[in-house]
Amino acid sequence: MSFLGGRSNANASAVNYDKMEMAVTELDTVTDFFNRMVSSCYTKCVGGRYPADGDLNKGESVCIDKCVAKYNEVQKKVGEKLQSRGAAAQASGAAPGSGSAFGSL
Amino acid sequence: MSFLGGRSNANASAVNYDKMEMAVTELDTVTDFFNRMVSSCYTKCVGGRYPADGDLNKGESVCIDKCVAKYNEVQKKVGEKLQSRGAAAQASGAAPGSGSAFGSL
Amino acid sequence: MSFLGGRSNANASAVNYDKMEMAVTELDTVTDFFNRMVSSCYTKCVGGRYPADGDLNKGESVCIDKCVAKYNEVQKKVGEKLQSRGAAAQASGAAPGSGSAFGSL
Amino acid sequence: MDFSNFNSAEQAHMTKIIEKKQMQDFLKMYANIVEKCFTTCCNDFTSKALSSKEDACVANCTEKWLKHSERVGARFAEFNAEQASQ
Amino acid sequence: MDFSNFNSAEQAHMTKIIEKKQMQDFLKMYANIVEKCFTTCCNDFTSKALSSKEDACVANCTEKWLKHSERVGARFAEFNAEQASQ
Amino acid sequence: MDFSNFNSAEQAHMTKIIEKKQMQDFLKMYANIVEKCFTTCCNDFTSKALSSKEDACVANCTEKWLKHSERVGARFAEFNAEQASQ
């Protein structure tokens with residue numbers, strides 16, 4: 001894809017754009033996941049209350065550590081569940097954006 | 001646009017990029033609409049409560065069916081309203097991103 | 001970048017794509033900021049309640065005016081704070097998407 | 001935002017980009033109003049059709065959102081003009 | 001959506017774009033489920049590991065979300081088919 | 001993420017993309033903090049100016065969010081390192 005740079009060089013420094021695009025998708029996915037984890041753990045451990053000062057107190061710090069661990073656990077569990085439901089679920093329209101709701105070519 | 005592929009072919013298999021871009025915008029719009037409907041109906045009919053099992057119960061299923069119907073009704077109503085206010089509203093800055101708040105060329 | 005148009009003209013009408021891209025980033029940032037302000041002030045001043053009619057009442061109108069002023073104040077304060085913490089904070093991973101969580105090249 | 005240092009080719013490009021973004025922003029606002037007014041107005045899911053009360057609520061809610069959005073835009077524009085003149 | 005007026009080259013492009021978007025939508029749904037089910041199921045942060053109760057909750061919550069999403073998709077498809085036939 | 005199988009041209013491209021994304025992420029975090037701290041700290045709309053109490057609240061809220069975000073980042077990095085070494 002030309003927006004990622006030149007295309008015609010076929011030597012050792014050639015750029016594999018499919019590989020690059022996959023890396024960008026992976027980066028976006030991890031960033032989105034991280035941002036949601038930050039927001040969720042803020043809501044569970046810190047947020048909402050009027051802050052007495054700018055520091056995390058002991059209880060908040062402990063809560064954040066457990067929260068990150070649990071969030072990662074949940075991500076694993078959900079991933080396994082989605083995998084066990086597999087391609088069937090996707091094909092039948094479980095994934096928004098797929099399936100008959102959006103017409104087909 | 002070159003990032004959608006070649007540009008110079010003018011034969012029967014030429015790609016009309018403006019048409020493609022409109023189709024992509026339409027696809028994104030429908031997907032966004034669908035995702036918001038899924039989230040809204042989840043909140044109204046299923047969400048929040050601790051789940052007793054993995055199935056939708058009778059009440060939830062009935063609720064979801066009505067919810068989708070009503071959500072589509074609301075979308076129609078709002079669309080008609082926006083249309084009746086028409087270009088005037090857009091030009092005067094009702095649409096975020098337009099209007100004097102963002103300077104002009 | 002070719003998706004913004006031609007690339008080879010080097011005369012007075014040449015397009016500086018880096019400058020264009022910065023302008024687009026600035027536009028997106030202001031739009032996002034504006035949309036969040038609209039949503040936040042709607043929640044504080046208007047939202048949630050069943051609307052008696054289609055007009056903003058006196059109390060809502062006054063509230064909106066103050067809300068916009070305060071939102072802009074908060075934006076300034078937070079910006080100053082971020083600036084005073086400076087590059088150090090960014091490098092140590094305060095900004096999601098940066099730092100060791102995402103590996104490095 | 002100040003585009004006065006853009007040459008004519010850049011201004012033409014920018015105009016096209018801004019037009020596209022305004023379209024996308026309009027569609028986003030549309031989806032936002034639907035979501036917010038549905039949440040505010042619809043709480044009975046025993047029937048498929050909107051009741052007359054829900055119908056009026058959606059109309060008022062939409063109108064109010066638009067007026068709210070216009071007012072925020074106007075105040076924001078004033079604020080930016082003030083900042084620019086300082 | 002109707003792509004019947006697309007020529008074969010345009011259909012090929014569109015298929016590729018749709019495939020990419022389906023991948024992104026799937027990842028977004030994955031992140032959404034994690035966020036919602038975490039919020040619903042996890043409220044005790046005195047231990048790092050999921051309790052058996054939380055574990056069961058996450059499994060049920062995920063299953064329910066998928067079934068919910070499928071049901072909404074089915075109703076939405078019916079609605080669109082109705083609209084198209086009018 | 002592991003970019004060790006990237007050649008130098010690919011690494012150069014990736015570095016540029018990551019830099020752009022970090023800029024966007026920083027701006028998004030900025031907008032997030034403003035939104036959250038405004039919601040937490042500002043509840044009186046009878047005056048235009050921030051009260052001294054609101055002002056202190058915004059400062060503390062911003063500081064807390066940054067420390068929170070740093071702590072989550074540190075724990076997440078440890079978790080990823082553990083996973084990678086298994």
Side-chain angles (χ1 to χ4, degrees), chain B residues 1 18 21-22 24-26 28-41 43-45 59-85 87-105, chain D residues 1-4 6 10-12 14-15 18-39 41-51 54-55 57-63 65-81 84:
Chain B
M1 299 211 181
D18 280 349
E21 208 180 308
M22 275 182 54
V24 170
T25 298
E26 197 186 335
D28 286 344
T29 304
V30 177
T31 304
D32 179 43
F33 175 80
F34 178 74
N35 287 338
R36 287 170 187 256
M37 184 166 59
V38 170
S39 276
S40 294
C41 290
T43 303
K44 295 284 189 188
C45 298
E60 289 166 340
S61 299
V62 171
C63 180
I64 291 165
D65 294 352
K66 318 286 191 194
C67 184
V68 171
K70 283 206 173 175
Y71 201 92
N72 281 301
E73 284 283 303
V74 171
Q75 197 229 7
K76 255 198 237 173
K77 293 277 167 196
V78 173
E80 286 162 13
K81 192 92 186 163
L82 287 178
Q83 227 159 4
S84 76
R85 297 217 1 158
Q90 273 188 67
S92 72
S98 74
S100 52
F102 301 100
S104 56
L105 286 169
Chain D
M1 243 165 283
D2 178 23
F3 299 125
S4 58
F6 276 38
E10 288 167 346
Q11 291 202 4
M14 210 58 207
T15 302
I18 288 177
E19 273 167 14
K20 206 188 150 183
K21 285 193 182 294
Q22 284 181 342
M23 181 63 187
Q24 289 172 337
D25 286 338
F26 175 78
L27 291 170
K28 204 181 160 187
M29 180 190 70
Y30 182 10
N32 260 333
I33 296 177
V34 172
E35 195 178 4
K36 289 215 192 253
C37 294
F38 172 82
T39 301
C41 298
C42 300
N43 288 300
D44 166 39
F45 298 101
T46 56
S47 92
K48 285 176 79 157
L50 288 177
S51 69
E54 287 171 331
D55 192 78
C57 179
V58 169
N60 288 335
C61 177
T62 302
E63 191 64 32
W65 175 272
L66 292 172
K67 283 180 182 152
H68 167 72
S69 182
E70 283 162 1
R71 192 169 187 109
V72 173
R75 286 303 92 75
F76 189 46
E78 285 167 19
F79 176 83
N80 285 341

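Heavy atoms only: backbone and side chains are in, while hydrogens, waters and symmetry mates are out.
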Report task. Output the option from Val34(D), Thr39(D), Val72(D) having the highest count of non-hydrogen pairs under 4.5 Å with chain B. Result ->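 Heavy-atom pairs under 4.5 Å are most numerous for Val34(D).
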
Query raised in the report: Passes side-chain contact (heavy atoms from CB on, under 4.5 Å), Lys66(B) versus Asp44(D)? Steps please.
Result: CA-CA 9 Å; Lys66(B) 318 286 191 194; Asp44(D) 166 39; over 6 Å; no

Query raised in the report: Phe33(B): what forms a ring pair (Phe, Tyr, Trp, His ring centres under 6.0 Å) with it, not counting sequence neighbours?
Result: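 By the ring pair (Phe, Tyr, Trp, His ring centres under 6.0 Å) rule, Phe33(B) matches Tyr71(B), Phe76(E).
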
Query raised in the report: What distance separates Lys28(D) NZ from Asp28(B) CG, expressed to the nearest 0.5 Å?
Result: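 These two atoms lie 12.5 Å from each other.
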
Requested in this report: Give, for atom CG of Asp32(B) and atom CD of Glu35(D), the distance between the pair rounded to the nearest 0.5 Å.
Outcome: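 Taking CG in Asp32(B) and CD in Glu35(D), the distance rounds to 8.0 Å.
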
Testing the basics here: between [X] and [Y], what is the closest heavy-atom pair and its distance to 0.1 Å?
{"X": "Lys81(B)", "Y": "Ala59(D)", "result": "CE-O, 3.7 Å"}
{"X": "Lys70(B)", "Y": "Ala49(D)", "result": "CE-O, 3.2 Å"}
{"X": "Asn43(D)", "Y": "Lys44(B)", "result": "OD1-NZ, 2.8 Å"}
{"X": "Tyr30(D)", "Y": "Gly79(B)", "result": "OH-CA, 3.3 Å"}

Which atoms of [X] come close to chain B, meaning under 4.5 Å heavy atom to heavy atom: side chain ones, backbone ones, both, or neither?
{"X": "Glu19(D)", "answer": "neither"}
{"X": "Leu27(D)", "answer": "side chain"}
{"X": "Ala84(D)", "answer": "neither"}
{"X": "Ser47(D)", "answer": "both"}

Compare all side-chain heavy atoms of [X] with those of [Y] and state whether any distance is below 4.5 angstrom.
{"X": "Val74(B)", "Y": "Cys41(D)", "value": "no"}
{"X": "Arg85(B)", "Y": "Leu66(D)", "value": "yes"}
{"X": "Leu82(B)", "Y": "Phe26(D)", "value": "yes"}
{"X": "Val62(B)", "Y": "Phe45(D)", "value": "no"}
{"X": "Glu73(B)", "Y": "Asp55(D)", "value": "no"}

Requested in this report: Answer with side chain, backbone, both or neither: which region of Lys77(B) has an atom nearer than 4.5 Å to a non-hydrogen atom of chain D?
Outcome: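 Answer is side chain: those atoms of Lys77(B) sit under 4.5 Å from chain D.
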
Requested in this report: Applying disulfide bond (SG atoms under 2.5 Å apart), name anything that partners Cys63(B), two or more places apart in sequence or on another chain.
Outcome: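 Listed in chain order: Cys45(B).
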
